[in-house]
J.: 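Dumping the structure here so I can ask a few things about it.
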Amino acid sequence: MLRRPKILAALAAVALPVALTGVSSEDPPAVASSTPSASAAASAFSAAAAQYGVPKAVLLAVSYAESRWDDHAGAQSTSGGYGPMHLTAPGAAKAADLSDKQKVARADSLRTLYKAAELTGLDPVALRKDTTANIHGGAALLASYQKSLGLPVGADTSPAQWYGAVASYAEAGDKAGAAGFADDVYAILARGAARTTNTGQQIVMPALAVTPDKSQLAKLSLPDGVKAATSDVECPPSLGCEWLPAPYQDLGGGDYGNHDKADRPKTGDIDYIIVHDTEGGWRGVLNLVQDPTYVSWQYTMRSSDGHTWQHVKAKDVAWHAGNWYVNMHSIGIEHEGFAAQGATWYTESLYRNSAKLVRYLAVKNNIPLDRAHIIGHDQIPGTIPANVRGMHWDPGPYWDWEHYMELIGAPIWGQSVFPVREGSIVTIKPGFGDNVQVLTNCTGAGTTCTPQGTNFVYLRQAPNDNAPLVKDLGLHPDGSDSTTVVSDIGARAAAGAKYVVAERQGDWVAVWYLGAKGWFKSPASAPDAFAKPGLVVKPKAGKTSVPVYGRAYPEQSAYPAGIPYQTVTPLQYSIGEGQAYPVGDLDIETDYYRAVTFDGQPPADHVQVLGKDKYYQIWFGHRMAYVRAADVDVRPAV
C-alpha cells in the first residue's frame with residue numbers, strides 16, 4: 001500500500017541498513033564444566049593490582065566492563081580506547097561527529113593513555129599494544145583516582161570503597177553517566193565472570209557481592225546530568241536518556257511525517273523490540289530523525305558510551321521496520337555503527353546500555369525476553385514477494401547476540417535436554433569470539449572481510465564442507481545459491497534462532513529452512529545446536545503445501561465501510577508436506593492499524609481493524625514469518 005505520496009521516496013532510500021530483577025528467562029545459563037587455568041593476562045591483573053594498590057576484583061571488573069578483557073588486537077576502539085583497560089587518547093574515532101564545543105570538552109578526558117604513561121613510566125606504544133603494560137596502566141589510573149578523592153589505596157582495601165574511583169574511570173560527562181558505569185561494574189563483580197579472550201587468554205573473576213559507598217559520587221566534579229524523572233523520556237533512570245522528539249508534521253498535499261500517532265497497546269500490542277544499526281555517525285543520524293520528510297524510530301544509542309536519545313513515544317508508531325505490521329507492534333532502537341564493521345562499533349558500553357533499555361521496555365510492555373521477540377532488523381520479513389529482496393540486514397553478522405542476551409538476563413541456552421535428532425527443536429548457539437566465518441565485500445566487491453567473531457553458522461545443501469550454500473528465492477529469485485557476501489543472510493542460522501531437525505548424519509545436522517533442508521556441522525564434542533522442548537507447526541493433514549506470510553492482516557470481512565481491504569499476499573516460500581517449523585508466538589494480533597492522514601480520527605483513520613483469522617509467528621529461515629492457523633497443526637516437538 002502506498003501510504004504517502006511524498007514520503008515514499010524517503011522510505012525507499014533509508015540510509016539505515018537494509019540495522020537484574022524482573023522477567024526471568026526460560027533458558028538457564030550454561031554451567032561451566034571446569035575452571036579455566038590461569039593465563040598470562042590473569043597473572044598481569046594480579047601483579048598490577050598488587051603493585052598499585054587496587055583490589056584485584058575491582059581491576060578485573062572495570063576491565064570486563066570496558067572490554068570483556070579483550071585487547072582489540074592493539075587497535076583503537078571506536079570509543080577511543082586501547083587494550084583491555086580501554087586507555088584513551090586524543091583523535092578517537094568518530095571525532096567528526098562532535099561539535100567544536102564537545103571536542104574541546106573531551107580533549108582533556110581522552111588522554112588516559114598518556115596519564116597512565118606518566119604514572120607508570122611506560123611507553124605509550126607499549127600501553128597501547130602490550131596487554132600486561134595496558135593492565136598496569138589501568139591499575140595506576142584507578143589508584144590515582146582513588147587518591148584524588150582522598151580515599152585509601154591498597155590491594156587489601158574493600159572493593160566497596162572504590163565506587164568513586166570506578167565512576168571516575170568512566171570518563172563520563174556527568175554524574176548520571178559515571179554512576180551508570182560504576183553500577184555496571186559492581187553488578188559484574190556480583191555476578192562474576194569467566195571467559196577466553198580474543199587472544200586465547202583464560203580469565204576467571206569469582207563472584208563478589210559488596211555494597212559500594214555510592215556517596216562517593218558527590219566527590220566527583222561533574223554536573224548531575226539529565227534527570228529522567230522530570231523529562232519526557234521512557235527510560236531507566238540510570239541511563240540518563242535525553243528527549244529529542246521526531247517531528248509529527250503536516251507537509252501539505254496530503255503528506256506528513258515522520259511517524260504516526262497511536263495509543264498502544266489499546267491500538268495494538270507491542271510485541272517486538274527491533275535492534276538496528278545506524279550506518280552513520282550519531283550526529284548525522286540525530287539530524288535525520290528530526291527531519292519530518294524522513295523516517296523515524298524510538299531510540300538512538302551512541303557507540304562510545306551508550307548515551308541514549310528517545311524520539312518517539314512507545315504508544316506511537318515509528319516508521320523503522322520496512323514492514324507496516326511490524327511497525328504497528330514494535331519499538332525500534334538504532335545503535336550507532338556499521339553492520340559490515342561490527343565489533344569496532346558495537347562497544348561494551350553500547351551493549352550494556354542497550355540491554356538495560358530493552359529489559360526496561362520489555363517489562364513495561366510485557367514483551368517476552370527471547371530471540372523471537374528481541375530481534376534484529378534482519379529478521380523482519382518482507383510484506384509481499386517483491387519487497388523481500390530489499391529488506392534490511394542489520395545489525396549484521398558481527399552483533400554478539402549471545403553476550404547481548406546474557407546482559408538482558410535471558411541467556412541463549414547452551415545445553416541439550418534431548419538428543420539432537422529428527423523432529424527435535426534446536427537452538428543455535430555457535431559461540432562468538434571463536435566463531436570466525438568467511439565473509440566478503442565488507443570494504444568493496446571481491447574483498448575478504450577482516451576475520452572477527454560472528455553470530456551465525458552457514459547452512460549448506462548437503463552434509464559436506466564444500467557443498468553450496470542453501471538457496472533463498474526471496475534474495476536470489478534467479479534460483480542461484482546464497483553467497484558469503486556480508487549482506488547476504490540467505491544461508492545463515494543466527495545465534496538464538498530455532499529450527500526443527502530434518503535429518504542427522506554423524507556430525508552433520510539438517511534443519512528445515514525456507515522449505516528445504518539446510519545442513520551444518522555440529523559435532524557432539526563442540527556442538528552449535530542444542531535440543532529443547534517446544535511447539536512446532538506442521539501442514540494440516542491433506543495439505544501438500546502451506547503458504548507463509550510477512551504480515552498478519554485481517555480477513556476482508558473485518559474491514560468496516562470506508563477502510564480499504566489490505567490484501568494478504570503469500571510470500572514466495574512455502575512449507576512442504578512432512579516439514580515442521582518452531583513456533584515463535586501463538587498469541588499475536590490479526591490486525592491493521594489504519595493511519596494514512598495527518599492527525600486523522602476514527603472511524604476512518606487512526607483506528608485498529610481486528611480480524612478473526614488467526615495467525616502464528618514461526619521461525620522459518622533467517623527471518624521470521626507468519627502462517628494461518630487454519631493451515632497448520634500445532635504439536636509438541638519430538
Side-chain angles (χ1 to χ4, degrees), residues 1-3 7-19 271-279 294-297 317-335 338-340 371-399 401 439 441 455-456 459 469-478 480 482-483 485-494 497 513-515 547-553 566 568-574 584 617-627:
M1 174 183 171
L2 302 184
R3 299 185 58 249
I7 260 304
L8 188 61
L11 286 169
V14 177
L16 310 177
V18 171
D271 296 321
Y272 310 109
I273 298 174
I274 314 298
V275 173
H276 303 259
D277 80 63
T278 60
E279 296 298 301
Y294 201 63
V295 295
S296 59
W297 49 95
V317 178
W319 305 344
H320 63 101
N323 178 318
W324 181 244
Y325 180 81
V326 177
N327 281 345
M328 289 160 44
H329 294 288
S330 67
I331 291 172
I333 306 174
E334 289 285 353
H335 300 78
F338 294 83
R371 285 284 285 113
H373 298 86
I374 312 301
I375 64 179
H377 199 178
D378 54 345
Q379 290 174 252
I380 298 170
T383 54
I384 59 175
N387 290 351
V388 171
R389 196 175 187 186
M391 294 301 290
H392 294 194
W393 56 278
D394 59 301
Y398 303 127
W399 180 267
W401 281 110
L439 288 161
N441 292 31
N455 59 23
F456 71 95
L459 297 179
L469 299 176
V470 296
K471 299 178 185 292
D472 183 334
L473 292 178
L475 299 182
H476 301 279
D478 61 356
S480 59
S482 297
T483 70
V485 171
V486 67
S487 59
D488 187 348
I489 62 171
R492 294 181 196 161
Y513 185 92
L514 298 178
V548 300
Y549 301 88
R551 53 191 175 188
Y553 278 176
Q566 305 299 305
V568 182
T569 306
L571 299 178
Q572 53 268 76
Y573 314 106
S574 62
Q617 176 194 339
I618 64 169
W619 293 94
F620 187 61
H622 185 90
R623 304 186 192 273
M624 64 183 187
Y626 302 97
V627 292

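Keep in mind it's a predicted model, so treat the numbers as computed, not measured. Position 1 is the first residue of the sequence, and the numbers go up from there.
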J.: Which distance, rounded to the nearest 0.5 Å, do you find between the CG of L469 and the OG of S480?
T.: 11.0 Å

J.: Using the test side-chain contact (heavy atoms from CB on, under 4.5 Å), find all partners of D472 that sit at least two apart in sequence or belong to another chain.
T.: L475, S482, L514, Y573

J.: Taking G550's backbone N and O only, do any of them form a donor-acceptor pair with T383's side chain (distance below 3.5 Å, no angle check)?
T.: no

J.: Tell me every residue that passes side-chain contact (heavy atoms from CB on, under 4.5 Å) with A493, counting only those two or more places apart in sequence or in another chain.
T.: I428, V457, L459, Y499

J.: List for me each residue that meets side-chain contact (heavy atoms from CB on, under 4.5 Å) alongside A321, sequence neighbours excluded, and say none if there are none.
T.: V326, N327, I380

J.: Between CZ of R492 and CG of D378, what distance do you get to the nearest 0.5 Å?
T.: 8.5 Å

J.: With no hydrogens and no angle check, is any side-chain donor or acceptor of N455 less than 3.5 Å from a backbone partner on A494?
T.: no

J.: Quick one: does Q566's side chain have a donor or acceptor within less than 3.5 Å of a partner on Y553's backbone?
T.: no

J.: Does D488 have any side-chain hydrogen bond (donor to acceptor under 3.5 Å, both in side chains) partners at least two apart in sequence or in another chain, and if so, which?
T.: H476, T483

J.: List the residues meeting side-chain contact (heavy atoms from CB on, under 4.5 Å) with P385, not counting sequence neighbours, and say none if there are none.
T.: T569, L571, Q572

J.: Going by ring pair (Phe, Tyr, Trp, His ring centres under 6.0 Å), name the residues that satisfy it together with Y325, two or more places apart in sequence or in a different chain.
T.: H329, Y626

J.: Out of curiosity, T278 OG1 to H276 NE2, how far, rounded to the nearest 0.5 Å?
T.: 11.5 Å

J.: Check each of R371, R623, H622 against Q379 using the side-chain hydrogen bond (donor to acceptor under 3.5 Å, both in side chains) test, and report the only one that passes.
T.: R371

